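Given the structure is predicted, the values throughout are model-derived calculations rather than measurements. Along the sequence shown, the residues carry numbers beginning at 1.
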Amino acid sequence: MPALASHRKPRTRVRTTTPAVGLTTAALASVTLLSTQSATAAPAEPKPSIEEVQKKVDALYRQAGTSTQQYNKAKTASAEQRAKVDALLDAAAKRADKLNDTRRELGSYAAAQYRSGSIAPTATFFLADDPQSYFDQDQLMARMTSQQQKAVADFRTQQKEAAAKRAEATKSLETLTESQETLRTSKQQVQTKLTEARSLLSKLTAEEKARLAELERKKKAEAKRKAEELAKQQAAAKKKADEAAKEEAAKEESGTGTGGTGSDSGYATKAEKVLSFARAQIGKPYVWGATGPSSYDCSGLTQAAWKAAGVDLPRTTWDQVEVGTRVATADLQPGDLVFFYDDISHVGIYKGDGMMIHAPKPGANVREESIYYMPIYGSVRPA
């Protein structure tokens, strides 16, 4: 029986595109990876509030102020150490010259003895690089005249003194190197803090800057209010003191008084010179490490102002606070120095009525301001 023909439709071969499958797989993998990363990524930190920015910026400026005082201290120490090193090197050089003079004198003795043929080895002794090894030879010393023996003794002494001066100069140079390193570190710290503060401020929007300015205005207004309260208290105290002075004057006329207050008037005269100088600096920029005449940091201004009154103050706030007599805030007089913050990193000159003249911070000029603008550490009367 003949075979029947097949009526089944031929199967169409479907061509698979491998690259398409690969692309789809890669896309799915990418989506999965991104989803996983999104799920595991740390949430973005919330933007700080204006109040937080203000506190941070104030803290950075205060830290920069502290580093500025460290810089000032290191700069002063470095200058003092440099002067000491120069003096020691000069002294060492003079001792070396004196040692060489004595060596030449001993050499002339040796040459004379060599020419006379008295003791030929003496020349070797006097001209040797290390004559110390010959000094202990009693036989040789016995053959010297008293003048020669004195020259040898002087040579010994001068050798020791010259070596001591060289050692002292070397040690001082090491200290100088340490001071200069501290100077570089403090300078870098100041620059880092100021850069960070500027960076924070530069990221604020116009609206945020306006809000920050409003916070600053309120802070100044509160500080001014406190200054006015202090001014009233001091005015009342002055009135009472004036009345007491009148009574004392009346007693003086009757012969029962105890004498005047010459020291107070002397201080007032100096204080007026201090304030006159400080007022003339108003408007000049704060520059860290500056001592005038075109710019100042806080302690540079107080130092220069009191120098105008004939009083030399040390360079840093930390040293200035140790000068003179401590006074309470209620007893402040014009010319007194007011120090701020727990680390004593800022200082201003009290002008009366709760106000001061000071060099505030980078970006600001010398100005008058309430002493309550910053937390008060304490006050001193320098002279």
Inspect the contact between [Y] and [X] and indicate whether a charged nitrogen and a carboxylate oxygen are less than 4.0 angstrom apart.
X: Glu222; Y: Lys218; result: no
X: Glu208; Y: Lys203; result: no
X: Arg315; Y: Asp297; result: yes
X: Asp242; Y: Lys238; result: yes
X: Glu229; Y: Lys232; result: no

Where the side chain of [X] meets the backbone of [Y], is there a donor-acceptor pair that is under 3.5 Å apart?
X: Ser186; Y: Thr182; result: yes
X: Trp306; Y: Gly335; result: yes
X: Ser78; Y: Ala74; result: no
X: Gln234; Y: Leu332; result: yes
X: Ser199; Y: Thr195; result: no
X: Gln69; Y: Thr316; result: no

Inter-residue atom distance [X].[atom1] - [Y].[atom2], 0.5 Å rounding:
X: Arg62; Y: His346; atom1: CZ; atom2: NE2; value: 12.5 Å
X: Asp58; Y: Gln63; atom1: CG; atom2: CD; value: 11.0 Å
X: Ile357; Y: Gln281; atom1: CD1; atom2: CD; value: 9.5 Å
X: Gln189; Y: Gln70; atom1: CD; atom2: CD; value: 5.5 Å
X: Ile282; Y: Glu368; atom1: CD1; atom2: CD; value: 4.5 Å
X: Lys361; Y: Met374; atom1: NZ; atom2: CE; value: 9.5 Å

Is there a side-chain contact between [X] and [Y], using heavy atoms and a 4.5 Å cut-off?
X: Ser379; Y: Arg326; answer: no
X: Ile50; Y: Leu204; answer: yes
X: Thr329; Y: Ile371; answer: yes
X: Arg225; Y: Tyr372; answer: no
X: His358; Y: Arg367; answer: yes
X: Val380; Y: Phe339; answer: yes
X: Leu337; Y: Leu313; answer: yes
X: Met356; Y: Phe340; answer: yes

Mind running salt bridge (charged side-chain N to carboxylate O under 4.0 Å, His left out) on Glu181 and Arg184 for me, showing each step along the way?
-> CA-CA 5 Å; Glu181 181 59 34; Arg184 283 190 290 270; 2.9 Å; yes
Begin from the C-alpha positions of Glu214 and Arg217 and carry the test salt bridge (charged side-chain N to carboxylate O under 4.0 Å, His left out) through to its verdict.
-> CA-CA 5 Å; Glu214 177 62 16; Arg217 187 195 66 76; 2.8 Å; yes
Above 12 or not: heavy atoms from other molecules or residues under 6.0 Å from [atom1] of [X]?
X: Glu243; atom1: CD; result: yes
X: Lys75; atom1: NZ; result: no
X: Lys219; atom1: NZ; result: yes
X: Lys224; atom1: NZ; result: no
X: Gln188; atom1: CD; result: no

So which heavy atom on [X] is nearest to which on [Y], and how close?
X: Asp336; Y: Pro382; value: CA-CD, 4.4 Å
X: Tyr350; Y: Leu230; value: OH-CD2, 3.9 Å
X: Met355; Y: Ala227; value: SD-CB, 4.2 Å
X: Ser345; Y: Cys298; value: O-SG, 4.0 Å
X: Leu275; Y: Pro334; value: CD1-CB, 3.6 Å
X: Lys273; Y: Ala309; value: CB-CB, 4.0 Å

Under a 3.5 Å cutoff, is there a donor and acceptor pairing between the side chains of [X] and [Y]?
X: Gln320; Y: Ser299; value: no
X: Asp343; Y: Thr66; value: yes
X: Gln333; Y: Tyr267; value: no

Indicate, with yes or no, if [Y] and [X] share a hydrophobic cluster defined by side-chain heavy-atom contacts under 4.5 Å among Ile, Leu, Val, Met, Phe, Trp and Tyr.
X: Val323; Y: Val347; answer: yes
X: Leu201; Y: Leu215; answer: yes
X: Leu194; Y: Tyr341; answer: no
X: Leu60; Y: Tyr286; answer: yes
X: Ile349; Y: Ile376; answer: no

For the pair Lys284 and Asn365, evaluate side chain to side chain contact (heavy atoms under 4.5 Å, CB included) and give the outcome as yes or no after the intermediate values.
-> CA-CA 5 Å; Lys284 293 183 179 180; Asn365 297 331; over 6 Å; no
Checking Lys193 against Tyr61: charged group under 6.0 Å from the ring centre and within 45 degrees of the axis?
->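 The answer is no; the distance or angle limit is not met.
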Classify the ring geometry between Tyr296 and Phe277 as parallel (under 30°), tilted (30 to 60°) or perpendicular (over 60°).
->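 Because their plane-to-plane angle is over 60°, the rings of Tyr296 and Phe277 count as perpendicular.
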Check the pair Lys209, Glu216 against salt bridge (charged side-chain N to carboxylate O under 4.0 Å, His left out), reporting the backbone distance first and the verdict last.
-> CA-CA 10 Å; Lys209 288 179 181 177; Glu216 181 70 9; over 6 Å; no
